[in-house]
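Inspection log for the structure reproduced underneath, given as structure tokens.
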Protein chains: 2
Amino acid sequence: MLRRRKNKTPPLPPLCPLTECMKLLGGAWTANLVWRLSGEPRRFSELRSDIPRISAKVLSARLCALEKNGVLTRHVVASSPPSVEYALTEMGRELIPVIEAIVQVGMKLQHRVEVRPRSVPGSAPRPRARATHRT
Amino acid sequence: MLRRRKNKTPPLPPLCPLTECMKLLGGAWTANLVWRLSGEPRRFSELRSDIPRISAKVLSARLCALEKNGVLTRHVVASSPPSVEYALTEMGRELIPVIEAIVQVGMKLQHRVEVRPRSVPGSAPRPRARATHRT
DNA sequence: GGGAGTGGTAACCGGAGGGAAACCACAATG
DNA sequence: CATTGTGGTTTCCCTCCGGTTACCACTCCC
């Protein structure tokens with residue numbers, strides 16, 4: 001039966017902090033958005049041109065959600081055409097290390113893409129355990 | 001018109017590294033999975049019991065995708081009931097700082113949940129710019 | 001013989017996510 | 001007058017994600 005230390009599950013708190021944080025960053029463009037905001041505060045249309053492929057609907061939805069979660073604040077500037085500035089809150093700024101870590105890995109990834117050592121000739125092509133594999 | 005320095009977009013490389021990395025971590029349970037694997041290698045059924053709410057289908061899909069992306073390796077152990085061990089590759093291990101940063105923020109988040117200073121009485125209740133706001 | 005444990009796959013299916021486009025109200029601008 | 005730019009909302013629509021369930025093929029153990 002090959003038991004091998006059955007329940008050696010190290011940490012894993014009951015309410016997963018990872019899941020909690022990923023709820024903030026979930027959804028399309030969210031991480032990009034926080035990244036853009038990590039510098040100076042930006043306005044709606046600036047963000048739209050920063051991330052050209054995001055739609056107004058999704059941008060609006062993300063901004064609402066992020067504000068609701070306390071990640072950013074919206075500040076209305078009463079100018080001739082009233083504009084709105086979005087800025088990270090203190091809590092939002094705590095996400096910056098996460099974003100930067102992701103960007104770091106992303107950049108390493110882009111280097112790997114050039115040299116992709118897939119399917120070394122000497123190794124087995126891909127041993128399946130004993131799965132069904134009908135016909 | 002209030003021009004304010006039009007295109008001061010700082011970095012944002014053409015092929016976004018953030019998006020590239022998020023493609024690896026996208027999808028339900030993926031980050032959790034990498035987290036579990038960040039310690040010792042684990043088997044399919046171990047992962048299933050580690051993350052009780054993940055379904056076999058999604059677990060299988062994630063493992064396939066992560067293997068395809070070079071994040072982990074599968075190793076078939078030819079034992080009596082053949083078992084499969086999943087382990088992070090070197091590239092997969094580079095994701096660990098990301099996961100840990102996420103977990104760090106997640107834990108801070110859980111502390112904040114207890115004391116949630118939403119809607120400070122002194123500030124405006126929520127000024128909308130001039131949006132439609134029909135009736 | 002029957003059940004459990006191994007590691008999956010196949011089919012079904014509902015709901016959410018997200019893209020596209022139209023629309024809004026108003027001021028400034030051409 | 002028409003257009004542009006401001007910041008969104010709303011509707012339509014379609015895809016794909018992920019949950020559920022069933023099933024497989026095999027071996028070991030009671």
Side-chain angles (χ1 to χ4, degrees), chain A residues 1-4 6-7 19 22-23 25-33 41-68 72-86 126-135, chain B residues 1-4 6-7 19 22-23 25-33 41-67 72 74-86 126-135:
Chain A
M1 193 60 105
L2 182 67
R3 280 201 161 265
R4 88 191 295 279
K6 202 164 193 175
N7 284 332
T19 307
M22 289 302 279
K23 272 194 273 187
L25 261 45
W29 310 112
T30 309
N32 269 281
L33 214 40
R42 291 185 89 69
R43 292 181 298 138
F44 192 88
S45 52
E46 284 177 333
L47 292 169
R48 268 188 67 120
S49 54
D50 283 346
I51 312 170
R53 302 149 54 93
I54 194 173
S55 67
K57 170 191 159 184
V58 172
L59 176 54
S60 175
R62 291 295 164 268
L63 291 171
C64 281
L66 289 172
E67 185 197 7
K68 201 187 65 172
L72 54 82
T73 57
R74 38 173 284 146
H75 176 232
V76 178
V77 179
S79 54
S80 155
S83 62
V84 184
E85 277 199 341
Y86 294 92
R126 185 127 185 315
R128 287 267 139 223
R130 293 292 304 9
T132 307
H133 211 49
R134 63 211 10 232
T135 317
Chain B
M1 192 66 99
L2 180 68
R3 279 201 164 270
R4 90 192 292 279
K6 201 164 195 175
N7 285 333
T19 307
M22 289 302 280
K23 273 194 272 187
L25 262 45
W29 309 113
T30 307
N32 269 280
L33 215 39
R42 292 186 88 69
R43 293 182 297 138
F44 193 88
S45 53
E46 283 177 335
L47 292 168
R48 268 188 66 118
S49 56
D50 283 346
I51 312 170
R53 301 150 55 94
I54 195 175
S55 67
K57 170 190 161 184
V58 172
L59 177 54
S60 175
R62 290 296 165 267
L63 292 171
C64 282
L66 289 173
E67 186 197 8
L72 56 81
R74 38 172 284 145
H75 176 233
V76 179
V77 179
S79 54
S80 157
S83 63
V84 183
E85 277 200 341
Y86 294 92
R126 186 131 187 311
R128 287 266 138 224
R130 290 298 297 12
T132 308
H133 212 48
R134 66 220 358 240
T135 319

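Letters A, B, ... mirror the listed sequences (proteins, then strands); counts begin at 1.
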Checking all strands, does B/Ser55 fall into the base, sugar-phosphate, or nothing category for heavy-atom contacts under 4.0 angstrom?
base

A side-chain contact here means heavy atoms from C-beta on lying under 4.5 Å apart; do A/Val77 and A/His75 qualify?
yes

With nearest nucleotide decided by heavy atoms, which residue, A/Gly26 or A/Ala56, maps closer to the 5′ end of DNA chain C?
A/Gly26

Mind checking whether B/Leu63 and B/Phe44 have side chains closer than 4.5 Å, heavy atoms only?
yes

Does the side chain of B/Val58 reach to within under 4.5 Å of the side chain of B/Trp29, using non-hydrogen atoms?
yes

Check the distance between D/dG7's P and A/Leu72's CG and give it to me in whole angstrom.
15 Å

Do A/Leu59 and A/Leu33 have side-chain heavy atoms sitting under 4.5 Å apart?
yes

I'd like to know if A/Lys57 reaches the base of C/dG19 with its side chain such that a donor and an acceptor end up less than 3.5 angstrom apart.
yes

For B/Gly27 and for A/Ser60, locate the closest nucleotide of DNA chain D by heavy-atom distance; then report the residue assigned to the nucleotide nearer the 5' terminus.
A/Ser60

Rounded off to whole Å, could you give me the CZ-to-C1' distance for the A/Arg74 and D/dT9 pair?
12 Å

With a cut-off of less than 4.0 Å, is there a side-chain N or O of B/Ser83 near OP1 or OP2 of C/dT6?
no

Looking only at the side chain of A/Trp29 (C-beta and beyond, no hydrogens), which of the listed nucleotides D/dT6, D/dT9, C/dG19 gets closest?
C/dG19

What is the distance, rounded to the nearest whole Å, between atom CD of A/Glu46 and atom C1' of D/dG5?
13 Å

Separation of D/dT21 P from B/Arg48 CZ (nearest whole Å):
12 Å

In whole angstroms, the gap separating P of D/dG8 from CZ of A/Arg62 amounts to 15 Å

Side-chain N or O of B/Ser80 closer than 4.0 Å to phosphate OP1/OP2 of D/dT27
no

4.5 Å side-chain heavy-atom contact, A/Leu66 and A/Lys68
no

Take atom CZ of A/Arg43 and atom P of D/dG5, then tell me their distance rounded to the nearest Å.
12 Å

Please report, rounded to the nearest Å, how far the P atom of D/dG8 is from the CG atom of A/Leu66.
13 Å

Whole angstrom is fine here: how far is it from CG in B/Leu59 over to P in C/dG8?
8 Å

